[in-house]
Amino acid sequence: RSDPVKDQLHDLVLEAIAALCADGTLPTSTQPVFVVERSKSREHGDFATNVALLLAKAAGKKPRDLASALVAALPLREEITKVEIAGPGFINFFLSPAAYQGEVRDALESGASFGRGNTGAGRTAGVEFVSANPTGPLHVGHGRAAAIGDCIARVLDANGWHVVREFYYNDAGAQINNLALSVQARARGVEPDAPTWPTDGYRGDYIKDVARAYLDGESVHADGVDIVGAGDVDDLDAIRCFGVAYLRREQDLDLRAFGVTFDTYFLESSLYADGKVEETVKELVAHGHAYEEGGALWLRTTDFGDDKDRVMRKSDGSFTYFLPDVAYHRSKWQRGYQRAITELGSDHHGSLARVKAGLQALDAGIPVGYPEYVLHQMVTVMRGGEEVKLSKRAGSYVTLRDLIDEVGRDATRYFLIARKSDSQLIFDIDLARAQTNDNPVYYIQYAHARVASVMRQLVERGLVWNRDIGLAHLARLDSEHEQALMIELSRYAEVVEAAGANLEPHLITTYLRELAGAFHAYYNTHQFIVDDADLRDARLTLASAVRQ
RNA sequence: GCGCCCGUAGCUCAGCUGGAUAGAGUACUUCCCUCCGAAGGAAGGGGUCGGGGGUUCGAAUCCCUCCGGGCGCGCCA
């Protein structure tokens with residue numbers, strides 16, 4: 001119920017239906033299922049309803065005839081300037097600007113909380129994203145994950161959810177061991193192509209930085225712990241701890257520069273340390289979904305929609321990655337996340353079915369749709385019409401830091417969420433840097449700059465604007481362009497709601513561009529009348545409301 | 001081979017829980033602009049919504065099939 005104007009129209013139609021039921025035009029058992037929607041084009045008014053199309057059969061009438069009857073029974077309202085029957089039987093409503101002035105009032109009165117919803121009702125949603133292994137710098141793909149995850153978190157927060165941002169990382173597995181060996185090799189002066197270089201070692205230049213810091217006894221602060229480089233090249237455990245801390249800190253600095261922070265860092269190793277992995281295995285076995293074959297322990301995930309059964313414990317006694325994943329998502333449920341959103345690169349999609357199956361096999365009352373996965377597709381970075389592939393720092397890929405340094409934090413965030421996450425994304429550095437209206441970030445910032453400009457001039461002329469003056473002059477917002485702007489404004493709450501419901505933050509970017517467009521149109525055409533203080537104040541009311 | 005995602009204007013993409021002549025930005029064509037930022041405004045041309053079939057009063061949207069592109073199908077993570 002986020003749009004009061006739409007809701008009022010919906011209620012009016014209900015009244016009309018009730019009237020037709022009373023006079024026998026409609027059967028009294030009629031189910032009033034219909035929608036009132038914003039019209040796509042101005043020719044079709046502000047709102048339209050398909051009610052006559054849907055009820056025509058029940059009424060035994062042609063849609064347009066039923067529409068006529070409904071319109072005749074519709075209560076009159078001052079803000080409705082015209083009601084029209086169009087096309088196959090749509091009823092179009094034309095509203096006066098006054099119908100939207102309440103939205104501006106709401107914006108002024110609610111300030112920063114304008115547009116917030118409460119579908120979350122204070123429930124807890126855990127949003128897990130990025131979750132990069134601490135084995136190197138974050139790349140563009142992580143950047144997309146960071147932007148999408150953070151914006152999902154923000155949008156859920158705006159819908160009344162209590163949001164916990166969570167970063168899960170592996171600090172103990174084979175990849176980390178590989179990292180430790182790579183740092184050790186660098187510390188010993190071994191080059192990547194030398195015979196003693198570890199198999200599949202990390203070859204990037206950043207490994208040299210880690211090794212040097214370790215040898216120099218540098219102190220690294222990450223996730224609330226200080227780790228000092230011990231300098232001993234034979235102590236692989238010490239190297240591992242230092243390397244993880246070092247790269248975790250680097251990732252964290254990049255994320256902070258990107259405007260992203262986390263509430264919880266969850267270590268994969270804690271699942272083992274706290275016995276969660278063993279516990280999960282025991283429960284799966286106890287519920288009869290496990291069996292042994294070829295010396296390994298399997299889970300019958302095919303009972304829960306997976307393609308084939310999966311190995312939980314390998315024949316060598318160690319666990320596959322699959323089991324900690326199940327234990328981890330189980331812990332989200334146990335920690336009280338009524339909703340869990342897991343943001344991943346789409347190359348992980350193969351693991352979704354088995355994790356969900358594992359959670360169901362626990363028989364712990366976890367909902368079938370838990371967790372909700374949001375997958376993002378690959379990012380291609382372009383500059384000068386060519387694909388950018390290399391980063392000095394990491395070697396084989398473009399880092400998030402490269403992008404932030406080159407195009408700035410806000411533009412990077414905007415472009416990384418501007419597309420549906422399941423579409424491949426082309427990140428055009430030239431476009432993102434452009435100071436022209438081709439660049440949507442520039443276009444939006446430019447709209448803001450124009451508002452700021454007017455406000456500044458107001459102050460320079462010694463004039464005052466405040467909320468009360470704005471509220472007193474709402475009725476002056478009566479021009480066509482002001483109405484167009486107010487209509488855009490009135491969509492805000494439902495855009496926020498839809499973005500939250502569908503976990504689609506790109507809806508926000510699309511909306512912002514449209515809002516900026518309405519603003520530019522308003523600015524470009526209206527006459528700024530300096531000798532009419534009242535009119536000026538009223539117009540500035542809207543400027544300020546939109547800015548907020 | 002199987003599974004998931006994508007295919008919409010020259011380009012980059014919205015729209016996809018079914019609705020009216022399929023939208024935005026950009027590019028292109030014509031016209032306008034010396035008062036708040038012209039980094040502007042007005043108008044116009046441009047589409048078999050990948051192809052085909054089906055369901056429906058109505059399909060870009062739902063179902064089937066084919067084509068094209070990406071990704072995934074390990075006792076790797």
Side-chain angles (χ1 to χ4, degrees), chain A residues 35 37 39-41 43-44 48-50 53-54 56-57 62-63 85-90 92 131 133 135 169-170 173-176 178 200 268 293-298 306-308 310-322 324-325 345-354 373 375-378 380 382 415 418-428 431 434-440 442-443 445-447 449-458 460-461 498 501-502 504 506-507 509-511 513-514 516-517 520-521 523-530 536 539-540 543:
Chain A
V35 292
E37 299 181 307
S39 301
K40 284 178 189 168
S41 117
E43 293 167 43
H44 298 140
T49 177
N50 61 354
L53 293 165
L54 295 177
K57 199 170 282 180
K62 290 178 182 171
I85 298 161
F90 289 99
N92 295 333
S131 294
N133 280 346
T135 55
Y169 71 94
N170 170 356
Q175 298 306 320
I176 299 301
N178 196 5
D200 301 326
E268 183 179 351
E293 190 179 297
L297 184 65
W298 295 69
D306 198 5
D307 294 343
K308 46 186 163 185
R310 305 290 171 177
V311 171
M312 292 193 283
R313 192 173 55 220
K314 298 183 258 182
S315 50
D316 67 4
S318 65
F319 294 107
T320 60
Y321 76 94
F322 158 58
D325 263 10
S346 63
D347 53 341
H348 288 83
H349 82 254
S351 71
L352 274 48
R354 74 191 70 162
Y373 284 101
L375 303 180
H376 67 265
Q377 296 264 353
M378 204 169 51
T380 306
M382 305 286 285
F415 281 98
R419 306 283 173 247
K420 283 181 302 190
S421 69
D422 52 13
S423 296
Q424 290 177 36
L425 172 69
I426 296 174
F427 192 112
D428 185 337
L431 176 62
Q435 303 277 304
T436 66
N437 285 349
D438 313 3
N439 181 350
Y442 184 82
Y443 188 70
Q445 288 174 335
Y446 174 37
R450 294 180 86 170
V451 181
S453 171
V454 167
M455 298 304 274
R456 190 184 63 241
Q457 289 178 46
L458 200 57
E460 283 168 0
R461 294 177 197 186
N502 303 325
E504 289 183 334
H506 78 277
L507 296 177
T509 61
T510 304
Y511 171 73
R513 205 172 56 182
E514 283 166 6
H520 285 303
Y523 248 76
N524 289 331
T525 54
H526 95 272
Q527 297 296 306
F528 193 72
I529 302 169
V530 287
R536 182 198 58 226
R539 290 201 159 115
L540 291 172

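Residue numbers begin at 1 in each chain, while the letters A, B, ... track the order of the sequences.
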Interatomic distance at P, B/C13 relative to B/C6, whole Å: 14 Å

Please check if the number of heavy atoms outside A/Asp200 that lie under 6.0 Å from its CG is greater than 12. no

Around A/Lys62, counting heavy atoms of other residues, nucleotides and ligands shown, do more than 12 lie under 6.0 Å from its NZ? no

On a whole-Å scale, what distance lies between the P atoms belonging to B/U8 and B/G52? 15 Å

Which residues pass the salt bridge (charged side-chain N to carboxylate O under 4.0 Å, His left out) test with A/Arg310, sequence neighbours left out? A/Asp306

Would you please name every residue forming a side chain to side chain donor-acceptor pair (under 3.5 Å) with A/Ser318, sequence neighbours left out? A/Asp316

Categorize A/Asn92 for me: base, sugar-phosphate, or nothing, with a 4.0 angstrom heavy-atom threshold over every strand shown. base

Gap in Å between the two P atoms, one belonging to B/A59 and one to B/G50, rounded: 15 Å

Checking all strands, does A/Glu504 fall into the base, sugar-phosphate, or nothing category for heavy-atom contacts under 4.0 angstrom? nothing

Would you mind reading off the distance between A/Asp200 atom CG and B/A77 atom P, rounded to a whole angstrom? 14 Å

Report the distance from atom CZ of A/Arg419 to atom C1' of B/C5, rounded to the nearest whole Å. 17 Å

Nearest-Å distance for atom pair NE2/C1', residues A/His376 and B/C6: 15 Å

What nucleic acid atoms does A/Thr510 come within less than 4.0 Å of, heavy atoms only: base, sugar-phosphate, or nothing? sugar-phosphate

Using a cut-off of less than 4.0 Å, is there contact between a side-chain N or O of A/His506 and OP1 or OP2 of B/G15? yes

Watson-Crick and G-U pairing of RNA chain B, under 3.5 Å, as dot-bracket with | and [ ]: (((((((..((((.....[...)))).(((((.......))))).....(((((..]....))))))))))))....

Base, sugar-phosphate or nothing for A/Gly517? Non-hydrogen atoms, less than 4.0 Å. nothing

Minimum-distance nucleotide to A/Asp422 side chain [options: B/C5, B/A20, B/G15]: B/C5

How is A/Ala174 classified with respect to the nucleic acid when contacts are heavy atoms under 4.0 Å: base, sugar-phosphate, or nothing? nothing

I'd like to check the side chain to side chain donor-acceptor pair (under 3.5 Å) partners of A/Gln175; sequence neighbours left out, ordered by chain and number. A/Tyr202

Summarise how protein sits on nucleotides 67-74 of chain B as a single string, 5' to 3': B when a protein heavy atom is under 4.0 Å from the base, S for sugar-phosphate-only contact, - for no contact. ---SBSSS

Partners of A/Glu37 by salt bridge (charged side-chain N to carboxylate O under 4.0 Å, His left out), sequence neighbours excluded? none

With rounding to the closest Å, how many angstrom separate the P atoms on B/C57 and B/A14? 33 Å

Donor-acceptor contact present, side-chain A/Ser421 to main-chain A/His376, <3.5 Å: no

Could you measure between the two C1' atoms, the one in B/U17 and the one in B/C11, and give it in whole Å? 31 Å

Rounded to the nearest angstrom, tell me the gap between atom CZ in A/Phe415 and atom C1' in B/C13. 12 Å

Whole-Å distance separating the CG atom of A/Leu431 from the P atom of B/A27: 11 Å

If you pin A/Glu293 and A/Gly87 to their nearest nucleotides in RNA chain B, which one's is more 5'? A/Gly87

Nearest to the side chain of A/Ala86 - B/A24, B/A77, B/A20? B/A20

What does A/Leu507 touch in the nucleic acid at a heavy-atom separation under 4.0 angstrom: a base, only the sugar-phosphate, or nothing? sugar-phosphate

Under the side-chain contact (heavy atoms from CB on, under 4.5 Å) test, which residues partner A/His506, sequence neighbours left out? A/Lys420, A/Glu504, A/Thr509, A/Thr510

What is the separation between atom CE on A/Met382 and atom C1' on B/C11, rounded to the nearest whole Å? 12 Å

Only counting residues at least two apart or in another chain, list the ones meeting ring-ring contact (aromatic ring centres under 6.0 Å, His included) with A/Phe415. A/Phe427

May I ask you to say what A/Arg313 touches in the nucleic acid, namely base, sugar-phosphate or nothing, with a heavy-atom cut-off under 4.0 Å? nothing

For atom CZ of A/Phe322 and atom C1' of B/A77, their distance in whole Å: 14 Å

When rounded to the nearest Å, what value does the distance between C1' atoms of B/U21 and B/C31 take? 26 Å

Tell me what A/Asn170 touches on the nucleic acid: a base, only sugar-phosphate, or nothing, going by heavy atoms under 4.0 Å. sugar-phosphate

Can you tell me the distance, in whole Å, between the CD1 atom of A/Ile176 and the C1' atom of B/C76? 14 Å

Under the side chain to side chain contact (heavy atoms under 4.5 Å, CB included) rule, what do A/Ile176 and A/Asn170 come out as? Steps first, then yes or no, please. CA-CA 8 Å; A/Ile176 299 301; A/Asn170 170 356; 3.8 Å; yes

If you pin A/Lys314 and A/Ile426 to their nearest nucleotides in RNA chain B, which one's is more 5'? A/Ile426

Could you go over nucleotides 16-19 of chain B and give all protein N or O partners under 3.5 Å, atom names and distances?
unit_1 : atom_1 : unit_2   : atom_2 : d
B/C16  : N4     : A/Lys420 : NZ     : 2.8

Set of residues satisfying side chain to side chain donor-acceptor pair (under 3.5 Å) with respect to A/Tyr511, sequence neighbours excluded: none

pair A/Leu53-A/Pro88: side-chain heavy atoms closer than 4.5 Å: yes

Contact class for A/Ala48 vs. all strands (heavy atom < 4.0 Å): base, sugar-phosphate, or nothing? base

Residue set satisfying salt bridge (charged side-chain N to carboxylate O under 4.0 Å, His left out) with A/Asp428, at least two apart, ordered chain then number -> none

Expressed in whole Å, how much space separates the C1' atoms belonging to B/G25 and B/G15? 15 Å

Rounding to an integer number of angstrom, what distance separates B/G18 and B/G74 when you compare their P atoms? 37 Å

For A/Thr135, which residues count as a side chain to side chain donor-acceptor pair (under 3.5 Å) partner, sequence neighbours excluded? none

